[in-house]
Structure formats: structure tokens, C-alpha cells
Amino acid sequence: MEGLSPLHRRVAGIDVHRMLHVVTVLIEQPDGSVSKHSREFGGFKRDCRALAAWLSELQVQLVVMESTGIYWKSVYAHLENAGITAWVVNAHFIKHVPGRKTDMLDSEWLAVLARFGLVRGSFIPPRDLRELRLVSRYRRKLNSMCSSQINRLHKMLDDAGIKLGAVVSDIHGVSARAMVRGLIEGESEAVLLGHARGALKRKTEELAASLDGDLSERHLFVLRHLSDSIDALQRQLADIDAYLMRAMQPYAWAHGLLQTIPGIDQTAAALILIEIGDDMTRFGSPERLACWAALSPGNFESAGKRKSGRTRHGNNTIRYILCECANAARMTKSTLASKYRSLMVRKSHKKAIVAVAHKMIRLIYILMSRRQPYLDQAIDYAAMSAKKNAPRWIKQLKAIGKWPTASAGAAALAAI
């Protein structure tokens with residue numbers, strides 16, 4: 001590394017494995033020479049505590065480790081408790097010279113890169129949000145399982161000749177769910193049709209035909225298990241959502257601010273906040289946040305020709321959440337929906353959704369940096385507020401006797 005000036009005098013590199021952590025410490029002496037110290041530690045809690053204590057004893061200023069699976073998390077937590085600055089870096093940017101691959105050489109290479117400032121630490125959220133990620137990502141898994149079970153139930157009904165999914169818009173809506181339970185319990189056609197609500201009441205003939213199938217005992221056996229499984233998963237999801245809402249109290253300002261963006265409800269706002277945190281200074285710019293979220297267009301140009309614009313790798317969780325929000329935003333009356341419609345002239349649905357999600361992540365950065373809610377010129381906020389609150393206002397006015405009666409209204413008109 002000739003010609004480069006060291007930025008840190010006491011650094012350490014850790015090659016992290018499941019049950020082995022190889023550590024190399026480089027210390028610059030007053031005369032300019034560099035001393036090297038290397039040790040190996042196990043993967044148990046006592047070993048991680050000993051590792052942190054050894055680095056504290058050597059007064060290490062900066063520790064660098066690769067983002068190896070989830071094995072770095074325990075080491076990072078112990079270093080954080082010891083007050084030692086630690087960076088987790090992307091393994092893609094620190095590949096060692098081929099042919100010289102050992103654990104000790106890897107840890108030394110990490111220390112060298114850290115000493116000269118040639119690596120950049122990845123975004124690691126605070127401990128509270130790191131732990132909430134365990135809950136939010138488990139929620140995503142449960143939601144996927146629930147969707148899979150609903151699809152299986154739909155397939156089982158079709159297998160029995162019941163075409164309910166072709167008549168109702170949502171096979172797991174209130175009406176359809178009640179009808180499926182009625183089929184399992186052997187209710188009559190009249191009782192089944194009585195479960196219809198809203199616009200479905202006008203489709204009596206179609207519903208009757210769709211519910212006429214051949215349910216065998218084995219169909220009923222599987223349907224009963226699927227229905228019980230779906231109900232159990234939805235109870236778990238409701239419990240997790242309630243837990244996440246309580247956990248959002250310390251971040252109430254950011255949680256409420258995110259919900260002002262079309263397509264983002266309170267659950268999505270919580271999931272986004274858990275992934276990116278409430279401090280945008282960690283990212284530095286909306287472009288870097290979008291790149292970290294795997295939503296920026298790729299940049300691949302050679303000989304003056306742009307060859308590909310596909311997105312790069314990044315945080316797939318936040319990308320998934322924002323694409324879901326973009327899909328919801330396209331059905332609102334907002335500029336985000338206008339952007340989607342304009343892109344659909346020349347793009348596919350998926351590409352348009354990613355582009356809208358990219359716009360949303362940039363909006364999130366700007367709004368949270370300024371701590372200002374989102375205001376969309378295409379939305380009449382006064383009318384939206386009145387539509388939402390008018391029934392409650394009218395009910396309260398009637399309760400206290402302030403709602404004008406017909407005679408009072410006629411008298412007022414006559415006075416005019």
C-alpha cells in the first residue's frame with residue numbers, strides 16, 4: 001500500500017465463521033513500524049466476550065468483518081456492548097488475491113483495508129430495530145404461508161367442481177369465507193346464499209351455480225384442515241401486527257409521516273421503518289438509499305452503448321415492501337398513480353412498479369429528512385377528511401342535540 005497514508009492507527013480484521021473467528025490486529029508504533037497480533041476464538045458467547053475484551057485491551061479503534069450470513073451478528077453485538085466501533089462490509093468489495101486464501105490472510109487483508117480507509121461499512125440499524133427485524137421478517141414468512149394455504153384452498157374447491165373463485169373477487173373475503181365454512185359444515189343452499197354481502201347479493205343465480213359441486217369426504221377433510229390452518233395463521237399475523245404497532249411508539253413521528261404517502265398503510269409504514277430506521281443521515285442521499293434498497297436502475301455502458309438497466313443486488317426485504325406499496329399506490333388518485341400510467345405506455349407492469357417504488361423510496365428520504373408530511377396536488381385532502389370523518393361528526397351532533405331537524409331546516413330556509 002505504498003503512497004497511501006493510514007487513516008487508523010489501531011485496526012482489526014475478523015474472518016467470521018460459525019464456530020471460528022480469526023482475528024488480526026495491526027498497530028502502528030510511534031516510529032512508524034506496524035506490529036501484528038493474531039488470535040483465533042470460538043463461536044460461543046464466552047469466546048465472543050473474550051474477543052471483545054482482547055480488542056479493548058489492545059485499544060483497537062476500528063474493527064472490520066465480512067457480512068458472512070448471520071454469523072457476524074453475535075460478534076457485532078459483543079463489540080457494540082464493549083464500545084468498539086465495528087464495520088460490517090460487503091464481501092463483494094474485499095475479495096482477496098486468488099491463490100493466497102487462508103483464514104489468517106483474510107483477516108489480515110481486512111485489517112489492511114481498514115487501516116487505509118479502503119472499505120465502507122454497511123448500514124447496521126440500532127439494536128432495537130435489529131431485533132424488530134426478526135419479528136417483521138417472520139411476519140413476511142407467515143404471510144407467505146397464509147397466501148399459499150389460501151391458494152391451496154382455492155385449488156381444492158376447483159377440484160371439487162365448486163367455482164366460487166370465479167364469481168367472488170376475493171376467495172378469502174368475508175362472504176366467501178363464510179360460504180366455505182358453510183360448505184364444510186354441510187349447510188343448505190339457501191343458508192349458503194344468505195352469507196352473501198354487498199354487491200354479491202345481486203349475483204344469487206351465479207353464486208348458486210358456483211356452489212353446486214361434488215364435495216367428497218376427502219375434499220371436506222382437506223378443506224377443514226386448510227380452513228383451520230388459515231384461521232390460525234391470520235390470528236398469528238394479527239398478534240404480530242399488534243406487537244409491531246406497540247413497538248412503533250418511540251418512532252411515532254416517522255411512522256405517522258410515512259402513512260401520508262399514497263399506498264403506505266400503518267403496517268407497511270412499520271415494516272419500512274424497521275428496515276431503514278428514522279435517521280436518513282446514515283445514507284447521505286436519496287440516490288444511495290435507493291441503491292441500497294435495490295431499486296436504482298443499473299449502469300452498464302461499454303463503447304458508448306448502454307447495455308442494461310436492470311437493478312443491482314441490495315436489501316430485498318425493503319424492495320419487496322415498496323413494490324407492494326407501489327402496487328397499492330397505482331390504484332389511488334395521486335401523482336404516483338399518474339407516473340404508473342405514463343410508464344405503462346412503454347413499459348411492462350413489473351418495470352413500472354419498480355419505477356414507482358424507486359420514486360417512493362426517494363420521497364421517503366426527503367420527507368423524513370425534512371420531517372414534513374407528503375402533500376399531493378392531485379389529492380383533495382379536505383374532501384378526503386370530510387368523507388372519512390363526516391359520519392362520526394353527524395353522530396356526535398345528533399347525540400348532543402345539535403343536529404338540525406327538518407322543521408328547523410325549513411325555518412332557516414324561510415329566514416333566508
Side-chain angles (χ1 to χ4, degrees), residues 136-137 139-140 143-144 146-147 169-170 172-173 237 241 244-245 248 251-278 280 283 285-297 309-312 314-389:
S136 65
R137 294 182 180 184
R139 181 194 182 279
R140 179 181 172 185
N143 193 50
S144 176
C146 187
S147 299
S169 58
D170 181 9
H172 206 62
L237 285 169
D241 287 344
L244 290 177
M245 292 307 108
M248 286 296 104
Y251 316 97
W253 72 269
H255 187 236
L257 188 147
L258 287 176
Q259 294 177 60
T260 63
I261 301 175
I264 299 181
D265 60 8
Q266 63 176 1
T267 302
L271 298 178
I272 292 170
L273 192 57
I274 289 169
E275 291 298 323
I276 68 174
D278 59 350
M280 294 296 101
F283 298 100
S285 69
E287 291 79 13
R288 286 184 61 185
L289 174 58
C291 184
W292 175 81
L295 288 169
S296 287
R310 66 181 303 173
T311 55
R312 300 284 302 275
N315 187 318
N316 290 324
T317 302
I318 189 66
R319 175 189 168 97
Y320 172 82
I321 296 167
L322 282 169
C323 285
E324 289 287 314
C325 294
N327 202 36
R330 73 181 176 88
M331 294 179 281
T332 63
K333 295 180 181 179
S334 64
T335 54
L336 293 173
S338 300
K339 180 175 179 64
Y340 171 82
R341 289 192 294 270
S342 67
L343 289 169
M344 281 299 291
V345 176
R346 62 187 189 280
K347 300 285 186 181
S348 65
H349 168 73
K350 290 183 178 180
K351 288 184 178 179
I353 286 296
V354 172
V356 174
H358 179 232
K359 184 177 179 67
M360 292 179 77
I361 193 72
R362 292 168 65 93
L363 274 174
I364 289 170
Y365 179 92
I366 294 170
L367 296 181
M368 292 186 68
S369 298
R370 299 176 181 175
R371 295 202 172 202
Q372 295 178 352
Y374 177 70
L375 296 176
D376 195 319
Q377 295 180 353
I379 298 176
D380 187 347
Y381 287 95
M384 185 174 66
S385 177
K387 182 179 180 181
K388 178 180 179 181
N389 297 308

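The analysis underlying the following values was restricted to heavy atoms, covering all of them including side chains, and did not include hydrogens, waters or symmetry mates.
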Nearest 0.5 Å, what's the [atom1]-[atom2] distance between [X] and [Y]?
X: Gln266; Y: Leu258; atom1: CD; atom2: CG; value: 12.5 Å
X: Leu336; Y: Tyr374; atom1: CG; atom2: OH; value: 4.5 Å
X: Ile261; Y: Leu367; atom1: CD1; atom2: CG; value: 5.0 Å
X: Met368; Y: Asp278; atom1: CE; atom2: CG; value: 5.5 Å
X: Thr317; Y: Leu322; atom1: OG1; atom2: CG; value: 11.0 Å
X: Ile364; Y: Leu289; atom1: CD1; atom2: CG; value: 7.5 Å

Test side-chain contact (heavy atoms from CB on, under 4.5 Å) on Leu271 and Leu244 and set out the steps. CA-CA 9 Å; Leu271 298 178; Leu244 290 177; 4.1 Å; yes

Go through the side-chain N and O atoms of Arg341 and Ser338 and say whether any donor and acceptor fall under 3.5 Å apart. yes

Determine whether a donor-acceptor pair (N or O, by modelled atom type, separation under 3.5 Å) exists between the side chain of [X] and the backbone of [Y].
X: Tyr365; Y: Ser285; answer: yes
X: Arg319; Y: Ala294; answer: yes
X: Glu324; Y: Tyr320; answer: no
X: His255; Y: Ala269; answer: no
X: Ser144; Y: Arg140; answer: no

Nearest heavy atoms of [X] and [Y], plus distance in Å:
X: His358; Y: Ala290; answer: CD2-CB, 3.5 Å
X: Arg139; Y: Asp241; answer: NE-OD1, 2.5 Å
X: Ala337; Y: Arg330; answer: CB-O, 3.5 Å
X: Met245; Y: Thr267; answer: CE-CA, 4.0 Å
X: Glu275; Y: Trp292; answer: O-CH2, 3.5 Å
X: Ser369; Y: Met280; answer: OG-CB, 3.5 Å

Verdict with reasoning, Gln372 to Thr260, per side-chain contact (heavy atoms from CB on, under 4.5 Å): CA-CA 10 Å; Gln372 295 178 352; Thr260 63; over 6 Å; no

Contact check, side chains of [X] and [Y], non-hydrogen atoms, under 4.5 Å:
X: Leu343; Y: Lys339; value: yes
X: Cys325; Y: Ile272; value: yes
X: Ile353; Y: Lys347; value: no

